[in-house]
Amino acid sequence: MKFIFPALKKFMKRDVQPGDSNQNSISFKEVFHTIDENISFFKHTFSDSADLTIKEFNERNIRGILVFLDTMADKDKIQRDIIKPIMEAAVTPFENVLHSVFLKSNNLIKAQQALLNGSCIMFLDGVKELYMVEVGLSKDRSIIEPSNEQVIQGSHEGFIENLSTNLHLIRKSFRTVNLTMEHITLGDQVQSKIAMVYMKDLANHEMISEFKRRVHHISMDYLPGTGALQELIEDSTWSPFPQILSTERVDRVVSHLNEGRVAVLMEGYPSCLIIPVTFFAFFHSPDDYNSRWMIGTFIRSMRLVSILIAINLPAIYIAVIGFHFEVLPDDLVLPVVSSIKNIPFPPLIEALVMELTIELIREAGVRLPSRIGQTIGIVGGLVIGDAVVRAGLISNTMIVVVAITAIAAYSIPTTEMSDAVRFLRFPHMILASTFGFVGIIFGFMFTLAHLCRLESFGTAYFTPWAPFRLKDIKDTFIRLPLWKFNTRPNDSKPNILKKQSLARGWESNEKKEE
């Protein structure tokens with residue numbers, strides 16, 4: 001991992017050639033003396049783009065030019081907030097109208113960025129300054145419940161692609177003066193706005209500084225989204241397990257903020273990243289806290305048991321058929337033998353074919369429209385399954401194993417963890433076909449050791465089990481009554497950031513850059 005940032009700087013940063021018009025490398029450029037020179041600058045910068053609109057007006061013998069991007073600015077707002085105040089101010093001095101409507105600046109680079117964000121720029125003849133006003137076009141979708149995180153009880157509000165709206169939803173749900181919001185800009189060519197939200201009296205400020213340091217090391221022309229940001233700042237990219245929680249639910253974010261964690265949002269994306277998190281946070285659902293604690297504990301325990309089923313059930317089937325047939329009860333020996341005696345493939349090939357078929361059906365159902373996707377699921381589950389059994393290619397027992405495995409994997413409420421669990425079943429299947437139960441035990445021990453070694457921004461990933469902390473077990477695989485939640489979890493207070501930073505090579509990268 002210590003080589004990730006030199007690699008990013010080498011391969012992801014756009015090479016700037018002599019004469020390139022990349023203005024982001026320049027932080028300040030003064031306004032020209034004449035309007036024509038300023039207009040030439042914007043025409044050259046936007047390469048005569050078709051959506052660059054330039055309108056001229058003459059009011060009180062003063063010549064002016066309005067510049068805006070037709071695809072980003074709202075013409076109704078321009079008419080209402082710019083042209084109408086200027087035309088109606090017959091008595092008021094023109095300078096007073098300008099100061100009440102526009103923001104004044106003498107930086108063309110700042111004006112260029114404002115145009116991209118939906119502002120309108122005005123130049124006046126003989127004035128070596130420009131005036132800006134925000135008239136951005138708003139085309140946001142409505143606030144609805146996220147389709148991949150639906151709950152039975154609780155709030156049905158979810159984030160959308162507008163950053164200001166998302167911050168408003170958090171502030172509305174968490175009205176306290178201790179809620180802090182910070183903005184960070186990323187991207188060398190196309191700048192992306194990131195917002196960091198946390199409780200200043202609860203969050204660990206060392207962890208906040210560590211997050212800022214990792215973010216400032218990113219050198220890319222364009223940040224594709226929250227998924228790319230998550231990959232660039234996480235502790236171990238080589239691990240299949242996610243170390244940052246991604247959610248679109250407002251109530252889930254507010255709950256984590258109240259525990260001292262940090263939320264990271266990005267303009268244009270509805271997902272919110274939560275740091276730091278533990279392994280058990282990926283199996284929590286708002287329904288667990290909206291139902292009775294015994295029911296919540298039972299359902300949450302089933303989710304954790306589903307991990308063992310989704311990872312190990314196909315491997316156990318392969319090990320039993322290939323190595324340990326004697327573990328089957330006497331009443332099951334004859335049915336299992338009769339179902340597999342005419343199958344031409346070994347158990348590993350049989351399991352791989354069916355598991356890969358299930359993954360292909362899932363991928364097809366996700367990519368196709370919802371109505372067709374449901375049809376694909378029915379066709380894949382009934383027609384294909386029945387056909388391969390009748391053809392004698394796959395046993396009935398294998399169909400049952402694959403069906404139970406798929407249901408167990410999809411019961412995990414977080415998509416990233418579900419993907420990791422579905423991926424891990426394939427190495428376990430190979431180990432089971434090679435070493436039997438010994439291979440399964442070896443794979444389980446290796447996975448458990450890997451979980452105990454992982455960290456999320458200095459927080460032990462498998463806490464409160466490794467290291468063990470009895471007080472925090474009240475909200476892991478069980479959910480005790482809410483009146484027992486009288487202390488906040490200790491996992492949001494990392495204390496080994498310096499050690500972890502040195503292990504990842506962040507310090508060495510800084511020295512190399514210097």
Side-chain angles (χ1 to χ4, degrees), residues 298-299 301-368 372-412 417-444 447:
F298 174 70
I299 296 175
S301 301
M302 284 199 309
R303 293 195 199 108
L304 290 168
V305 171
S306 68
I307 304 177
L308 301 177
I309 297 175
I311 294 178
N312 294 317
L313 187 57
I316 292 174
Y317 171 82
I318 293 172
V320 169
I321 299 301
F323 295 91
H324 311 284
F325 218 95
E326 66 279 1
V327 303
L328 290 175
D330 295 339
D331 295 337
L332 287 180
V333 172
L334 290 178
V336 172
V337 170
S338 61
S339 67
I340 65 174
K341 64 180 181 180
N342 296 323
I343 303 302
F345 305 113
L348 177 62
I349 302 300
E350 185 184 4
L352 284 176
V353 168
M354 287 307 301
E355 292 293 346
L356 291 175
T357 302
I358 289 294
E359 293 300 319
L360 288 175
I361 293 174
R362 173 190 174 275
E363 188 68 16
V366 170
R367 304 304 167 194
L368 291 173
I372 303 178
Q374 295 175 2
T375 305
I376 290 294
I378 296 174
V379 171
L382 298 179
V383 178
I384 297 179
D386 182 68
V388 294
V389 172
R390 290 179 178 273
L393 302 177
I394 303 296
S395 65
N396 288 318
T397 309
M398 187 71 245
I399 295 294
V400 175
V401 169
V402 169
I404 296 176
T405 303
I407 293 173
Y410 296 141
S411 66
I412 300 174
M417 184 60 70
S418 177
D419 294 339
V421 168
R422 297 202 323 274
F423 170 78
L424 286 176
R425 77 175 61 146
F426 293 100
H428 281 241
M429 288 162 55
I430 296 174
L431 288 172
S433 67
T434 307
F435 303 105
F437 282 160
V438 176
I440 297 176
I441 297 299
F442 174 78
F444 178 77
T447 304

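All values derive from a computational prediction rather than experimental measurement.
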Next on the checklist: Nearest 0.5 angstrom please: Ser411 OG to Ile307 CD1, how far?
Outcome noted: 8.5 Å
Item to check | Gap separating the CD1 atom of Ile343 from the OG1 atom of Thr397, nearest 0.5 angstrom | outcome: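 Nearest 0.5 Å value for the CD1-OG1 distance: 9.0 Å.
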Item to check | Sequence-distant partners of Ile441, side-chain contact (heavy atoms from CB on, under 4.5 Å), two or more places apart | outcome: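 Applying side-chain contact (heavy atoms from CB on, under 4.5 Å) to Ile441 gives Met445.
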Next on the checklist: According to side-chain contact (heavy atoms from CB on, under 4.5 Å), who are the partners of Leu431, at least two apart in sequence or on a separate chain?
Outcome noted: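 In terms of side-chain contact (heavy atoms from CB on, under 4.5 Å), with neighbours along the sequence ignored, Leu431 is linked to Phe435, Phe442.
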Side chains of [X] and [Y]: closer than 4.5 Å at any heavy-atom pair?
| X | Y | result |
| --- | --- | --- |
| Val388 | Ile399 | yes |
| Leu313 | Arg425 | no |
| Glu350 | Tyr317 | yes |
| Met429 | Ser433 | no |
| Leu393 | Phe345 | yes |

Checklist entry - Yes or no on side-chain contact (heavy atoms from CB on, under 4.5 Å) for Phe444 and Ile311, after CA distance, side-chain angles and deciding distance? => result CA-CA 9 Å; Phe444 178 77; Ile311 294 178; over 6 Å; no
Ignoring hydrogens and angles, write down the donor-acceptor pairs under 3.5 Å from the side chains of residues 319-335, residues two or more places apart or on other chains.
{"unit_1": "His324", "atom_1": "NE2", "unit_2": "Phe437", "atom_2": "N", "d": "3.1"}

On a heavy-atom basis, which atom in [X] and which in [Y] lie closest, and how many Å separate them?
| X | Y | result |
| --- | --- | --- |
| Gly443 | His428 | C-CE1, 3.6 Å |
| Ala351 | Ile318 | CB-CD1, 3.7 Å |
| Ile412 | Ser306 | CG1-OG, 4.1 Å |

Item to check | Evaluation steps, side-chain hydrogen bond (donor to acceptor under 3.5 Å, both in side chains), between Thr405 and Tyr410 | outcome: CA-CA 9 Å; Thr405 303; Tyr410 296 141; over 6 Å; no
Checklist entry - Can you check whether Asn396's main-chain N or O pairs, donor with acceptor, with Ser339's side chain at less than 3.5 Å? => result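 Not at all, since once roles are kept as given, no pair shorter than 3.5 Å links the two residues.
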Checklist entry - Are Glu355 and Leu352 close enough, and set up right, to give a side-chain contact (heavy atoms from CB on, under 4.5 Å), and what steps lead you there? => result CA-CA 5 Å; Glu355 292 293 346; Leu352 284 176; 5.8 Å; no
